[in-house]
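Convention: sequence-line order gives letters A, B, ...; per-chain numbering from 1. Note that the structure is a prediction, hence the values are computed from the model and not measured.
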Number of protein chains: 2
Amino acid sequence: MNNIVMNNVRVAVDNCIFAVRDGRLEVLLIQMKKEPFDFAWALPGGLIEAGETLDGAAARILEQQTGVRDVYLEQLYTFDDRSRDPDGRVISVAYVSLIPWEGRDLKTTDKYRAVQFWDCDRVPSKLAYDHREILDYARNRLAAKIQYTNCVWSLLPERFTLSELQNAYETVLNRNLDKRNFRKKVLSLHLVKPCGEKSSGGRHRPAMLYSFESREPELVEVF
Amino acid sequence: MNNIVMNNVRVAVDNCIFAVRDGRLEVLLIQMKKEPFDFAWALPGGLIEAGETLDGAAARILEQQTGVRDVYLEQLYTFDDRSRDPDGRVISVAYVSLIPWEGRDLKTTDKYRAVQFWDCDRVPSKLAYDHREILDYARNRLAAKIQYTNCVWSLLPERFTLSELQNAYETVLNRNLDKRNFRKKVLSLHLVKPCGEKSSGGRHRPAMLYSFESREPELVEVF
DNA sequence: TCAAAAGTGTTGCAAATACACCCATGT
DNA sequence: ACATGGGTGTATTTGCAACACTTTTGA
């Protein structure tokens with residue numbers, strides 16, 4: 001095969017990291033510092049290095065650029081051919097992950113200006129590269145996937161209330177669910193089990209805390 | 001970025017082309033002619049060329065190696081890191097397609113020994129590269145996908161009987177369906193519409209011919 | 001007349017939906 | 001005392017699964 005051809009192809013990974021906060025779906029973005037995308041926001045991503053697996057590169061890059069680590073990254077789709085990068089041809093393998101919002105301290109390197117979560121509905125209109133397309137694709141896939149797997153668990157901390165769980169579903173699905181039917185469903189599926197109580201916070205009746213029966217990926221007909 | 005690193009990565013596409021024949025799910029394979037995989041069977045695939053999109057490369061390679069053209073190819077997954085190819089690092093973007101069995105004349109080039117459909121359950125135990133893994137992955141995805149989209153249409157010719165349609169579903173899902181319930185379902189979903197009659201062939205009562213309402217990809221809760 | 005596939009309805013059960021009020025706590 | 005979210009049950013509807021016989025044709 002022609003080496004000149006092959007030298008032009010580079011492989012990148014880009015991560016769509018979602019969290020639910022306060023009834024909104026948010027996505028983790030970094031702010032670029034180099035032309036031609038100086039000041040633009042982007043998904044955390046970059047080129048793979050020698051000897052690295054795609055999965056490994058995704059994890060490394062995510063941690064370097066945002067400080068987020070130890071998350072379950074799932075491959076989403078491979079994007080190309082949209083004159084992606086002004087600097088020659090790049091193929092980008094996109095990854096998705098869901099993480100709990102609580103207590104993440106985000107930190108980036110001096111190669112970037114900032115890192116923060118953005119409300120998915122209020123993301124800057126121009127993202128760097130084709131990251132807008134990737135984000136839209138990821139969000140659709142997430143909404144589909146949450147309906148037939150137990151993957152919500154990745155959005156929640158170890159212990160949570162049923163209202164928080166319902167809120168996570170409502171946020172991702174972008175529709176309201178009936179409280180009684182919701183509770184009946186998740187309990188009958190044995191998705192979660194109760195532990196102690198919760199009084200902290202709210203000026204209202206304390207809620208029972210639950211945890212997941214399993215944090216392994218499983219196929220479950222949720223809705 | 002380090003050029004020595006990047007020169008090591010090459011990008012290939014591999015196609016999983018399925019058809020239903022005679023109640024069996026079959027997959028299109030080619031027989032290799034070069035070491036280290038001489039005589040081994042493989043999915044039709046190869047390296048992408050300059051200026052090609054991934055989708056374009058998949059279509060070109062499929063036609064060159066098997067003569068099959070004008071099919072809807074859908075990206076499946078990107079595989080890597082399994083010391084894939086003895087000849088340096090290769091990342092492979094896998095594509096899936098469903099085609100009608102009827103009247104395809106397969107032809108390959110002199111770079112390969114043969115091209116033919118294989119019963120998925122009787123594929124040679126060793127396929128070239130990691131193609132066994134890709135095939136298994138594709139088959140699972142196909143079974144899942146056929147349940148929530150109208151994608152079966154790609155397996156059938158323009159006009160077909162309801163029994164043929166049912167047979168396609170049963171083959172892909174690998175389980176039997178109730179005839180009356182099946183007909184009720186597909187008719188109530190307005191997936192298909194009747195046309196004329198069919199007497200040809202069988203020594204039995206002729207069956208009504210149907211065609212699809214839509215051959216565009218749609219989300220439909222089939223089962 | 002026989003073989004082989006086409007065609008056709010009803011019933012029971014399970015799951016989804018719709019719906020409204022009292023409870024416990026903090027301020 | 002009041003505001004806030006926590007917690008609970010029933011009735012209706014809908015969709016799914018199970019099931020067997022008659023029809024039409026070619027050989």
Side-chain angles (χ1 to χ4, degrees), chain A residues 20-24 101-102 146-148 150 156-157 159-171 173-211 219-223, chain B residues 20-24 101-102 146-148 150 156-157 159-171 173-211 219-223:
Chain A
V20 165
R21 174 171 53 157
D22 214 12
R24 293 190 310 275
W101 165 259
E102 48 131 30
I146 207 173
Q147 299 188 53
Y148 60 87
N150 63 347
L156 296 174
R159 306 200 302 164
F160 50 87
T161 68
L162 289 186
S163 295
E164 287 165 349
L165 180 61
Q166 180 174 348
N167 184 252
Y169 273 100
E170 289 179 330
T171 302
L173 296 175
N174 201 27
R175 64 186 167 102
N176 294 327
L177 302 171
D178 178 86
K179 183 163 52 161
R180 281 173 290 192
N181 295 336
F182 178 82
R183 293 161 108 92
K184 235 179 303 175
K185 191 65 180 282
V186 298
L187 292 174
S188 75
L189 288 172
H190 299 293
L191 262 180
V192 295
K193 55 171 190 275
C195 349
E197 280 244 334
K198 172 205 208 175
S199 59
S200 68
R203 58 172 181 290
H204 54 74
R205 177 171 171 178
M208 177 70 79
L209 288 173
Y210 290 79
S211 62
L219 291 180
V220 184
E221 281 296 332
V222 188
F223 294 107
Chain B
V20 166
R21 174 170 53 155
D22 212 15
R24 294 190 309 276
W101 165 259
E102 48 130 32
I146 206 174
Q147 300 188 53
Y148 61 87
N150 64 346
L156 295 173
R159 307 200 302 165
F160 50 87
T161 67
L162 290 187
S163 295
E164 287 165 349
L165 180 61
Q166 180 174 347
N167 183 253
Y169 273 100
E170 289 179 332
T171 302
L173 296 175
N174 200 27
R175 64 186 165 103
N176 295 326
L177 301 172
D178 178 87
K179 183 162 55 160
R180 280 173 290 192
N181 293 337
F182 178 81
R183 292 161 108 93
K184 235 179 301 174
K185 192 64 181 282
V186 297
L187 292 173
S188 75
L189 288 172
H190 299 291
L191 260 181
V192 295
K193 55 170 189 273
C195 349
E197 280 244 336
K198 170 202 208 179
S199 58
S200 67
R203 59 173 181 286
H204 54 75
R205 177 171 172 179
M208 177 70 79
L209 288 173
Y210 290 79
S211 63
L219 290 181
V220 183
E221 279 297 330
V222 189
F223 295 105

Discussion item. I need a per-nucleotide contact map over nucleotides 5-13 of chain D, read 5' to 3'. Cutoff is protein heavy atoms under 4.0 Å; write B for the base, S for backbone only, - otherwise.
Written reply: BBBBBB---
Fill in: Which residues share a side chain to side chain contact (heavy atoms under 4.5 Å, CB included) with B:Asn174, sequence neighbours left out
none
Fill in: Pairing residues for A:Arg21 by the side chain to side chain donor-acceptor pair (under 3.5 Å) criterion, not counting sequence neighbours
A:Glu26
Discussion item. Holding to side chain to side chain contact (heavy atoms under 4.5 Å, CB included), I want the full list of residues that pass it with A:Arg203, two or more places apart in sequence or in another chain.
Written reply: none
Item to complete: Mind checking ring-ring contact (aromatic ring centres under 6.0 Å, His included) for A:Phe182 and listing every partner two or more places apart, or none if nothing turns up?
Response: A:Tyr169
Worksheet item: Is there side-chain contact between A:Leu173 and A:Ile146, with at least one heavy-atom pair below 4.5 Å?
Response: yes
Practice prompt. Between A:Arg203 and B:Arg203, just flag the one whose closest nucleotide in DNA chain C comes earlier from the 5' side.
Written response: B:Arg203
Worksheet item: If an axis is fit to five pairs at each end of the helix from C:dT1-D:dA27 to C:dT27-D:dA1, what is the angle between the two, to the nearest 10°?
Response: 0°
Discussion item. Could you work out, with side chain to side chain contact (heavy atoms under 4.5 Å, CB included) as the rule, every residue matching A:Thr171, not counting sequence neighbours?
Written reply: A:Val20, A:Leu25, A:Asn167
Worksheet, complete the sentence: chain B vs DNA chain C, heavy-atom contacts under 4.0 Å, first-to-last nucleotide span, 5' to 3', is C:dA3 to C:dT10
Worksheet item: Of all residues at least two apart in sequence or in a different chain, which pass the side chain to side chain donor-acceptor pair (under 3.5 Å) check with A:Glu164?
Response: A:Lys198
Practice prompt. Taking side chain to side chain donor-acceptor pair (under 3.5 Å) as the test, write out the residues that go with B:Gln147, two or more places apart.
Written response: none
Worksheet entry | Results of ring-ring contact (aromatic ring centres under 6.0 Å, His included) for B:Tyr148 - residues two or more places apart only | none
Please tabulate, one pair per line, all N/O donor-acceptor pairs under 3.5 Å involving side-chain atoms of residues 188-196 of chain B, not counting sequence neighbours.
residue	atom	partner	partner atom	Å
B:Ser188	OG	B:Lys184	O	3.3
B:Ser188	OG	B:Lys185	O	3.0

